[in-house]
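Worksheet: the structure to be examined is printed underneath.
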Amino acid sequence: MPVLDKDTDEKPSWADLVEEGEEDHIPPISEVLNGDTKIVTEFKRNEDGKLLKIVRTFKIEKKQVSKTIAKRKLWRKFGDAKSDGPGPNPSTTTVTDDVFLILTSNKEDLQQDNDDPLKKLGQSTQKIVQCRICKGDHWTTKCPYKDQLEVIQAQVKEDEAAGAAGAAPGAPGAAPGAGEQPAASKTGKYIAPGLREGAANRRGESMPRSQRDESATIRVTNLSEDTRESDLQELFRPFGPISRIFLAKDKITNQSKGFAFINFVHREDAARAIQSVQGFGYDHLILNVEWAKPSTTQQ
DNA sequence: GATGAGCGG
């Protein structure tokens with residue numbers, strides 16, 4: 001900018017004045033290129049006023065520098081480095097190794113990511129999920145053997161409790177980590193106590209179904225769009241304790257879909273609710289209430 | 001006229 005240039009030319013900064021005063025007879029820093037070596041010669045005055053010549057030799061690695069970056073060498077320096085020559089001043093600047101950024105969104109990388117799973121699947125379009133129980137291609141929670149697993153877990157828990165109480169003579173695996181190995185079959189595969197030969201079938205004895213009890217769930221349809229969960233709560237509370245209310249809503253718009261599920265604690269209460277609220281006029285609409293079918297994901 | 005959502009790995 002011409003205006004700035006004028007200013008700086010006419011009124012050098014205090015720092016520059018001091019520098020100039022000190023440097024009156026000091027030759028400027030110079031760089032000489034000699035093949036792949038750069039020799040930088042600098043003169044300095046030490047504390048005693050003696051002139052020192054500092055020669056630094058740099059080995060230049062041949063690199064491809066883009067034109068845009070090379071142009072920066074021509075930029076006018078400012079501040080304390082105003083009088084420095086082009087390029088980095090070795091007395092104030094350390095040039096380190098290049099740091100390369102690894103861009104993970106690289107197209108090639110993405111391509112590779114796509115390739116790998118395909119290889120794994122052996123060109124099939126199979127789902128990638130694998131059941132931990134039976135190795136089938138469904139989630140573990142959807143496994144047909146899941147109930148059995150529940151029994152195993154329940155049995156293990158029971159045994160742990162029995163062992164901790166110090167009772168139950170002959171109960172194996174008193175506590176995990178007690179140095180005792182769990183009982184193993186001839187094949188070395190672990191078999192839960194409840195499933196071992198001679199064990200009584202105690203399926204479902206101690207553990208309640210992990211799934212929500214849907215036997216006391218009713219479905220309410222023909223709700224007006226501005227019905228809220230709290231409204232349903234008020235409407236059905238008189239019949240008995242409610243464990244859950246689900247009002248179907250559009251995930252994105254949050255708009256009510258006009259039907260809801262009410263989980264009562266007691267099935268009798270649910271039955272009475274159906275009896276009473278069925279055909280009930282609510283918000284200019286007539287409600288429809290009936291037993292809910294188990295949800296799609298219920299087993 | 002509509003039978004929920006989302007969690008894992």
Side-chain angles (χ1 to χ4, degrees), chain A residues 104 110 112-154 156-157 190 207-237 239-299:
Chain A
T104 51
L110 281 176
Q112 259 190 320
D113 286 350
N114 285 338
D115 285 349
D116 282 347
L118 276 176
K119 274 181 204 159
K120 271 186 212 162
L121 290 172
Q123 295 173 342
S124 83
T125 48
Q126 215 184 0
K127 270 174 123 186
I128 305 174
V129 288
Q130 193 192 34
C131 173
R132 282 173 181 144
I133 298 166
C134 71
K135 311 291 175 203
D137 79 344
H138 48 250
W139 289 106
T140 305
T141 46
K142 305 246 164 67
C143 180
Y145 303 108
K146 191 167 87 58
D147 283 349
Q148 249 184 305
L149 183 75
E150 269 174 31
V151 172
I152 292 168
Q153 286 169 340
V156 167
K157 263 193 187 169
Y190 175 77
M207 190 132 129
R209 298 272 312 150
S210 64
Q211 233 68 28
R212 199 182 355 266
D213 181 20
E214 291 291 308
S215 64
T217 303
I218 58 171
R219 182 180 64 135
V220 189
T221 55
N222 212 26
L223 289 163
S224 83
E225 282 180 353
D226 41 48
T227 307
R228 286 170 309 183
E229 267 143 28
S230 57
D231 301 324
L232 295 166
Q233 157 105 2
E234 274 171 44
L235 180 62
F236 288 101
R237 199 172 38 193
F239 300 99
I242 294 163
S243 59
R244 193 176 75 121
I245 289 177
F246 179 89
L247 177 59
K249 277 179 285 201
D250 187 283
K251 231 187 292 176
I252 298 136
T253 64
N254 233 19
Q255 172 79 240
S256 166
K257 287 199 209 163
F259 68 96
F261 295 95
I262 320 286
N263 288 55
F264 280 94
V265 177
H266 309 293
R267 193 174 160 84
E268 317 86 72
D269 296 338
R272 284 194 298 121
I274 292 171
Q275 286 299 308
S276 313
V277 187
Q278 173 63 265
F280 183 81
Y282 191 77
D283 242 19
H284 76 265
L285 291 172
I286 292 167
L287 295 185
N288 185 36
V289 188
E290 55 200 320
W291 291 111
K293 286 181 204 145
S295 100
T296 49
T297 51
Q298 291 281 316
Q299 297 214 7

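Below, chain A is the first sequence line, B the second, and so on; all start at residue 1.
- Going from atom CG of A:L287 over to atom C1' of B:dG1 covers 15 Å, rounded to whole Å.
- Considering only the side chain of A:N222, B:dA2 comes nearest among B:dT3, B:dG4, B:dA2.
- Note: CZ (A:R219) to P (B:dT3) measures 6 Å, nearest angstrom.
- At whole-Å resolution of the value, NZ in A:K257 and C1' in B:dG1 are 12 Å apart.
- Distance check, rounded to the nearest 0.5 Å: OG1 of A:T253 to NZ of A:K251 gives 11.5 Å.
- The separation between A:K142 atom NZ and B:dC7 atom C1' is 9 Å, rounded to whole Å.
- Here the nucleotide nearest the side chain of A:W139, chosen from B:dG8, B:dG4, B:dA2, is B:dG8.
- Contact check, A:K249 against B:dA5: no side-chain N or O comes under 4.0 Å of OP1 or OP2.
- The CG atom of A:D137 sits 20 Å away from the P atom of B:dG8 (whole-angstrom rounding).
- With rounding to the nearest 0.5 Å, the separation of CD in A:E225 from NZ in A:K257 is 12.5 Å.
- By the 30° and 60° cut-offs, the orientation of the rings of A:F246 relative to A:F261 is tilted.
- Taken to the nearest 0.5 Å, the CD1 atom of A:I274 stands 10.0 Å off from the CG atom of A:N288.
- Comparing B:dG9, B:dA2, B:dG4 by their nearest atom to the side chain of A:F261 picks out B:dG4.
- In this entry the distance linking CG of A:L285 with C1' of B:dG1 reads 12 Å, nearest Å.
- Between A:F280 and A:Y282, the ring-plane angle classifies as tilted under the 30° and 60° cut-offs.
- Side chain of A:T141, nearest nucleotide from B:dG6, B:dG8, B:dT3: B:dG8.
- For the pair A:R132 and B:dG9, the criterion of a side-chain N or O lying under 4.0 Å from OP1 or OP2 is met.
- Taking atom CG of A:D250 as the reference point, atom C1' of B:dG1 lies 16 Å away to the nearest angstrom.
- Note: CD1 (A:I286) to P (B:dG1) measures 12 Å, nearest angstrom.
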